[in-house]
Every structure is written in structure tokens, then in C-alpha cells.
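Start at 1 with the first residue, then count along the sequence. Values in this document were obtained by computation on a predicted structure and should not be read as measured data.
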Amino acid sequence: MAIIVNSSETTFHLCNGEISYLFAVLPNRQLGQLYFGKRIREREDFSYLIETRARPMSSCVFDTDKRFSMEHLRQEYPVFGTSDYRMPAVEVVQENGSRISELCYDGYRIEAGKPKLPGLPATYTEDGAEAETLVIMLRDKVSGLLAELSYTIFSEGGILARSVRFVNEGKKDLKLTTAMSLCLDLPDSDYEWMQFSGAWARERYPKLRKLEQGIQSVGSLRGNSSHNHNPFVILKRPGADESRGEAIGFSLVYSGNFLAQAEVDTYDTTRMLLGIHPAAFEWKLEPGETFQAPEAVMVYTDQGLNHLSQTFHRLYQKRLARGYWRDRPRPILINNWEATYFDFTEERLVEIAKTAQESGVELFVLDDGWFGKRSSEHAGLGDWIANPERLKHGITGLADRIEALGMKFGLWFEPEMVNRDSDLYREHPDWILQTPERHACHGRFQYVLDFSRKEVVDRIYDMMAKILSGAKVSYIKWDMNRSITECYSAALPADRQGEVYHRYILGVYDLYERLTSQFPHVLFESCASGGGRFDPGMLYYAPQGWTSDDSDAVERIKIQYGTSYCYPISGMGSHVSVTPNHQVNRNTPLYTRANAAYFGTFGYELDLNALTEEEQAEVKEQIAFMKENRGLFQFGVFYRLQSPFTHNSSAWMVVSQDKKKAIVGWYRTLNGINLPYTRIRLQGLDPDMEYQIQGDPASHYGDELMNLGLITTDTSSGQAEGEEKMCQDFESRLYILSAAGEGAQR
């Protein structure tokens, strides 16, 4: 790992064993992008990479030079209008109305490790040897704007973390209207754009298309990162697949409005931008004020998409997630929501918990409906006080009863929302986001509290902290069930209304930070109608998130498969739910529901008392198996093997760090008749190690399983003999591999 500055202070080379990142000071003192990719050796002069030539109809910087136009140069942090006509990384409106800036190089510093970003989530280091950070100072001498570009190169992995801090060092007000966290100008456009999109209950489906001239983008203007598009995209070479080829992943550590955009100009160069969405964003900088943009993370690989994902997994699992639960296997839980919805009493909850405990469940979670006048979606949000008509002993008493059974107790909150029918709203109707003299839209009969106001966050913190201080609560499910509309704060002046979306997210982060600091042993799980805010920003505060409200096993295979391109398995909340499934009305085998949910944090979303004796016995086996193997599932190395988006059968696997154990998940959506022979090539095994597959008397070397493949042929519908199992729709199997001599896992 090194940050190398050449002797003339004009070229900067950030490198480790896998990657190099190069940029230079151009003749006009702005920064030019030179290279990002596989590690190259250092040399004193990389100026040959700055390509200039005279092009017809170009606007040029220097009076006597027809070759130097910003339109045709790859830049590091570009500004629109100074002979560059592409979309900018930054735009600043000055007091005279001008939007033109010239951010010129004015020095650098190098820091060991990685500094924190005030008020924002970000990756981190635990000692100075893990990373180095380069900070480049750029100044606009006319406006007095200082931009500090931060680059952190980690000692391992093809990772570069970037962020930008702005300071108004001038004497007049400035207004940021664009403040992207990352710009990367690439020398060609021979890439495929891969985004992760969908909607409620079908989040993060991978979508692939070739980059073409023009603009390709995804983003959110909903106030949250959204179910619709995730703040993560991949640019991959057309030949790249899961096991080979070049790709670059771009991930924004942020939970609010975002834009991920690739612009291909008519010379086939590509500009990648990532950051806060500039629409509906303005930030006033009075003299002396600062603005910190969120962090963006870039990962390069030349070893395929599984390697790209594994790099993100390691980083986000160990250097984004924090705290007590970061490295610990997660408790197996049961949530009462799909078992009872709002129709429960304290006695029924204890009855569900008792059976769950007898089955081996470790954590009982009480979902929506325990507070205020909450008996439906219409009332109660904002009144975080237990309803004595439902919980005669309150949260403290119920938690004590659950603990007495030998389980931990968890609780659902939706702290950012309020119903009109609530004591909080009647006391403070001005505390919601709403535009004066205009209609305020509701979502599920609820409204968004103005978390840009400290007094609102303080009030919610006080209510939540009182419950957590007075009861044995070990887990919090933090929900957020609607996006922002009519984004206006009664507490801010007119010239700061463009700040509300970002200030809102800062308020959410502040509440998370205060609660996780005050109650460090509580396991927080983020949720936003499932996957509406499943992003790296949330992972910084909550080491796991509810992946989707869709708990159907067949749909979850797709959702978890798409999610795995960026996010670690330990971060995916995954449950076995009731059938017919409450989202798609599908009946799937109990073993298939578990075989999908194992590849996540694992739990149940049903009333075990409603199952047959045979099903309850199967649940006990599932829980015992997960307890034995959850360390492998949640912290092993994950590989995607066959996609459910392109095949009727799909597969993935997880391998232990020492490669002595592995579990393969295989799934087939619809059964067939008299099917062909099938096999799946495994990945990540030791080619020289001999493996025993549970149930197979033969052993197989790793190179066989990775090159010849694992045979998955089975009896298809219509013919089974002896003890052969008849297959069905929504079939699934787990293949358990152990190094010969290590013993079976089950």
C-alpha cells in the first residue's frame, strides 16, 4: 500500500497489491484523471497519459493553444462551463448568479488510516496500517470555495474510498447545487452497465445493458435510497462473468436521494458520477461554513463478479458494520407479524414464544401494534408507550416473561413516522414535513416527521431510550414505511429548503448513533417496508437489514441473489414464513423455505403452534442445523453459481475461510418431466483437498468439483423407485461438503 507523489507534485499514484489509481495536475492547475485499474509499476512521469489534440469546434482554455480543451480531457472533479460541456461533479451558485468555478490544485496531505466523516456513515480502519488517506486541496480564488478531495487506499483489496468536503473561505454566501462524492472519467465505453432495480417485494433485480453514447442513470428522489433502485452499480467488460473478467463496482454509503450516472460522450469516453442527487438539493454555505458529501466506494477486479462481490462483502462486513454484533453469529428469531398482525394479546404472544423456545428459537420479536392506540394502520404512530389493553404488564413485563422462558426479547419501532390520530401529532402538528398551504399526501395513513429538526429527534430519542432503559430489550427492528412527499420544513428559512432531504437523513443517522452508543449490546435491524432503505449507510448503524417484505422462498432466491452483488450474507434478514405465502399466495415446501433463508440471518415469520407435529419436528431440525452452521453461512465466502434470473434452476454456495467446509444451495422453480442430466461447477474449494459430500459414500477432490462439477441430476416428475424422493415444484437441496476426515456437519 502506498501513496506516491512525484517530485514535482504533479502526479499522484495510489496503489496496493491489486490496483493503481493515478491522477495529475493539468497545465491549468485543475486535476486530470489518468488511470484506475490493475496494479502497474511506479514511474516518475505519467504525463504521456494526458492526451490532447486539436478538435474542430472545441472551446480551449489557453489563448495560444488549440489543443487544450476540458471537453476532451478526462478529469478528476470537473466543473461545467469552463470548456467542458459534460455533466459536472460540482456546481456552485455565487452571489452574482454565476455558476462557473475553477477548482485549482493548492496542495495535499497524507494521513495514516482513515478519518471519520462527521455525522455520516463511512468505512473505517482499526489501526493506521490498514489504509492511507490522501487529501487534495482545490481552491477557487474568485469565490473562496475550498474543496478537499479525500482518497483512502486500503492495504488489501481493489478498494478506493472517496469523499469531498467543501469550505466557504470567502466573504460571500455560496450555494452548492451539485456536490457529487465521486467522478471517474474512463478512457473508453466498452462496458456493460449493471444496476439493481425493482419495486416493493421485488427489490434489487440485476438489470444489464450496454453503455451507449448519452446518459445512463439510476437514482432516487424519494428521500430514501428506495426499493426502486439501489445506490450500487457495476461497469463490467462485456466478456466478464462471475468467475473472470474486469469490472468496477460503485457504491454510495448513503441512505437518501442519490444519483448514479454514466455519461458516454461522442468520443466514447465515459464519465461516472455518484453522489447526492442534484435535483431538489441546494446547500447554503455562509462564510466559514462547511459541507461534507457522503462517502463513495469503488472496487476494481479483473477476476470476475464473484471476486468483486467478495471484496465488498469483506469491507462492509468488517469495516462498515460496527459494534458488538459485527463479528457474532446472529440469534435465530421469530417475529409475530405474519402470525398475528394487529390481532394479539400478551397471552397469545407468550404462547407463540413458548413453542418457539421449545423448538430452539433464541429471540422473540414483537412487531407493530404494541403502542398507543395502535390497532390498525390509522392510529398510534409517534406514541411510543405500551398499550395496557394489549400488554397488561407493559413492555417491561412482557420482556421479563420472554426472558423467563430462556429467550431474548426484541421490539419493532417506526420512529420516523406519525399518524394524525396520535397524541404526538395533536401536540405538534407542525412537526411533519409538509408544504404551507398545500395538501399533504399520506402513505399508509402516516406522515413523515421532520427529522431535520433537532427537537423532533430529541423527542423520539427520549421515548425510545426510556423503553430500552426500562426493559430487557435485546433487538430493535427499525422500520420506515413511506417515502417523503411535500418536502418542506417549518423550521428552515426559504433559502435553506433545498437542504431538507439531506438534513432529514442526518437526523436519522443522529438518532441511530445516539441509540447504538447508549445501548451497544442491542442488535439493530434496519427495515423500510423491507428493502426500501437497504444500503451501506444503514449497515453502518445496523449490521443487518430486512432484505424484503416478500418472504416467499422462490422470490427470496432472486432478491437475495441480486442483493449479494454488493451486500454480505450476514447483513440479509431472511425468514421462513407461512404458506400460502402472504405476498404471492404460493405454497412452497417447508424445507425449501428454510434452504433459502439459511443464506442470511435466519428466523421465522409464523405461528409454530399452527404447524403439524411433523412440521414442528422439521423446524427443530432446521434450527439445530442453522445453529451448527450459522458461522459458515454468515461469515464464509459466498459464491453465486447459477442465476435464477436466467435459469429454472439456480445455485449458490458458501465456503469456510480455511476451505474445509462448504454448503451449496440448489433450487429449481418448476419441476420437469424426464429431465436431462445436470451438474453445477463449484467454486472456492481447495483443488488439492478431498471432500466428502453428506449422503455420498464417495469422496471428490476440489478440482473435480470445480471443473467436472457437482452432479445434481435427480428423479423428475413421474418416475421414482425404491427410496428415491419424488420431486416437485419449488424443489431445493443443500449439499454439505466437509474435508475428508473432518466429519459430517449434520
Notebook entry, point to check: Is the number of heavy atoms from other residues, nucleotides or ligands within 6.0 Å of NZ (Lys373) greater than 12?
Noted result: no
Note to self: So Met464 and Phe413, do their side chains get closer than 4.5 Å, heavy atoms only?
What the structure shows: yes
**Prompt:** Taking the six-membered ring of Trp546 as reference, does the NZ or CZ atom of Arg556 fall below 6.0 Å from its centre and within a 45° cone about the axis?
**Reply:** yes
Inset, instruction - Give a yes or no on whether Glu148 atom CD has more than 12 heavy-atom contacts from other residues, nucleotides or ligands under 6.0 Å away. - result: yes
The side chain to side chain donor-acceptor pair (under 3.5 Å) partners of Arg86 (sequence neighbours excluded) come to Asp84
Is it true that Asp421 and Arg426 make a salt bridge, defined as a side-chain N closer than 4.0 Å to a carboxylate O? yes
query = Would Asp367 and Asn335 count as having a side-chain donor-acceptor pair, cut-off 3.5 Å?
reply = yes
#### Entry: Minimum side-chain heavy-atom gap Asn224-Ile484 below 4.5 Å
no
Check your understanding: With a 3.5 Å cut-off and no angle check, do the side chains of Ser83 and Glu71 form a donor-acceptor pair?
Key -> no
* How about Tyr461 and Trp384: are their ring centroids closer than 6.0 Å? -> no
| said: Between Glu338 and Ser577 (side chain of the first, backbone of the second, donor and acceptor by atom type, cut-off under 3.5 Å), is there such a pair? | reply: no
Closest non-hydrogen atoms of Tyr447 and Ala440, given as atom of the first, atom of the second and distance, are CE2-O, 3.8 Å
### Query
Is the shortest side-chain N to carboxylate O distance from Asp462 to Arg459 below 4.0 Å?
no
Taking every heavy atom of Glu499 against every heavy atom of Lys284, the minimum-distance pair comes out as OE2-N, 2.9 Å
The salt bridge (Lys or Arg N to Asp or Glu O under 4.0 Å) partners of Glu486 (sequence neighbours excluded) come to none
Q.
Do Cys527 and Met480 make a side-chain contact, defined as non-hydrogen atoms from C-beta onward lying under 4.5 Å apart?
A. no
Across all chains, not counting sequence neighbours, the ring-ring contact (aromatic ring centres under 6.0 Å, His included) partners of Phe344 are none
| request: For Gln434 and Cys441, indicate whether the former's side chain and the latter's backbone hold a donor-acceptor pair under 3.5 Å. | output: no
By side chain to side chain donor-acceptor pair (under 3.5 Å), Thr177 pairs with (sequence neighbours left out) Glu91
- prompt: Short question: side chain of Gln560, backbone of Met572 - any donor-acceptor pair under 3.5 Å?
  reply: no
Within 45° cone of Phe534 ring axis and under 6.0 Å: Arg204 NZ or CZ: yes
### Query
What's the verdict on salt bridge (Lys or Arg N to Asp or Glu O under 4.0 Å) for Asp549 and Arg202, showing C-alpha distance, side-chain angles and the deciding distance?
CA-CA 9 Å; Asp549 275 348; Arg202 52 177 176 84; over 6 Å; no
- Does the side chain of Leu117 reach to within under 4.5 Å of the side chain of Ser163, using non-hydrogen atoms? yes
Correct closest heavy-atom pair for Asp430 and Ala490 would be O-CB, 4.4 Å
Note to self: Surrounding CZ of Arg209 (heavy atoms of other residues, nucleotides or ligands, distance under 6.0 Å), is the total greater than 12?
What the structure shows: yes
> Is it true that Tyr475 and Trp412 have ring centroids separated by less than 6.0 Å?
Replying inline: no
State, with a plain yes or no, whether a side-chain heavy atom of Leu381 is found less than 4.5 Å away from one of Ser422.
no
*Verify the distance criterion only: is there a donor paired with an acceptor across the side chains of Glu263 and Thr270 at less than 3.5 Å?*
no
Less than 3.5 Å apart, any donor N or O on the side chain of Gln446 or Glu414 sitting next to an acceptor on the other? yes
Interatomic distance, OG@Ser452 vs CG@Leu492, rounded to 0.5 Å, equals 5.0 Å
Across all chains, not counting sequence neighbours, the salt bridge (Lys or Arg N to Asp or Glu O under 4.0 Å) partners of Asp383 are none
Side chain to side chain donor-acceptor pair (under 3.5 Å) filter on Ser529, not counting sequence neighbours, yields Asn481
Between the CD atom in Glu377 and the CG atom in Asn419, the distance rounded to the nearest 0.5 Å is 9.0 Å
Q. What do you reckon, are the aromatic ring centroids of Tyr567 and Phe312 less than 6.0 Å apart?
A. no
Check: His277 ring centroid to Tyr501 ring centroid under 6.0 Å: no
Tyr205 meets the ring-ring contact (aromatic ring centres under 6.0 Å, His included) criterion, sequence neighbours left out, with Phe645
Notebook entry, point to check: Is there a side-chain contact between Gln195 and Gln216, using heavy atoms and a 4.5 Å cut-off?
Noted result: yes
* Below 4.5 Å, heavy atoms only, C-beta onward: do Met417 and Asp479 meet side chain to side chain? -> no
- Query: For Val164, does its backbone N or O pair with a side-chain atom of Gln292 as donor and acceptor, under 3.5 Å?
  - Reply: yes
Quiz item: Is the number of heavy atoms from other residues, nucleotides or ligands within 6.0 Å of CG (Asp343) greater than 12?
Solution: no
For Ser251, the side chain to side chain donor-acceptor pair (under 3.5 Å) test, sequence neighbours excluded, returns Tyr316
In terms of heavy-atom contacts, Val473 and Val522 come closest through O-CG2, 3.5 Å
Should the pair Arg322 and Tyr540 be classed as cation-pi, given the thresholds of under 6.0 Å to the six-membered ring centre and 45° from the axis? yes
Less than 3.5 Å apart, any donor N or O on the side chain of His229 or Ser197 sitting next to an acceptor on the other? yes
Side chains of Arg482 and Thr485 only: does a donor on one sit below 3.5 Å from an acceptor on the other? yes
The side-chain contact (heavy atoms from CB on, under 4.5 Å) partners of Glu289 (sequence neighbours excluded) come to Leu285, Glu286, Arg496
Taken in chain and number order and not counting sequence neighbours, the residues that satisfy ring-ring contact (aromatic ring centres under 6.0 Å, His included) with Phe196 are Phe232, Tyr565
**Message:** Checking Ser225 against Asn230: is there a side-chain donor and acceptor pair closer than 3.5 Å?
**Reply:** no
For the pair Ser469 (side chain) and Ala465 (backbone), establish whether a donor and an acceptor sit closer than 3.5 Å, ignoring hydrogens and angles.
yes
Applying salt bridge (Lys or Arg N to Asp or Glu O under 4.0 Å) to Arg139 and not counting sequence neighbours gives Asp106, Glu169
Sorted by chain and number, sequence neighbours left out, ring-ring contact (aromatic ring centres under 6.0 Å, His included) with Trp193 holds for none
Tell me whether Glu389 at atom CD has more than 12 heavy atoms from other residues, nucleotides or ligands lying less than 6.0 Å away.
no
With no hydrogens and no angle check, is any side-chain donor or acceptor of Arg374 less than 3.5 Å from a backbone partner on Asp368? no
Min side-chain heavy-atom separation Thr123-Thr152 under 4.5 Å
no
Smallest heavy-atom separation, Ala260 atom then Leu274 atom, equals CB-CD1, 3.7 Å
Closest non-hydrogen contact found for Trp283 with Thr290 is NE1-O, 4.2 Å
Between the CH2 atom in Trp325 and the OG1 atom in Thr516, the distance rounded to the nearest 0.5 Å is 15.0 Å
So, Glu416 versus Tyr504: side-chain donor-acceptor pair below 3.5 Å or not? yes
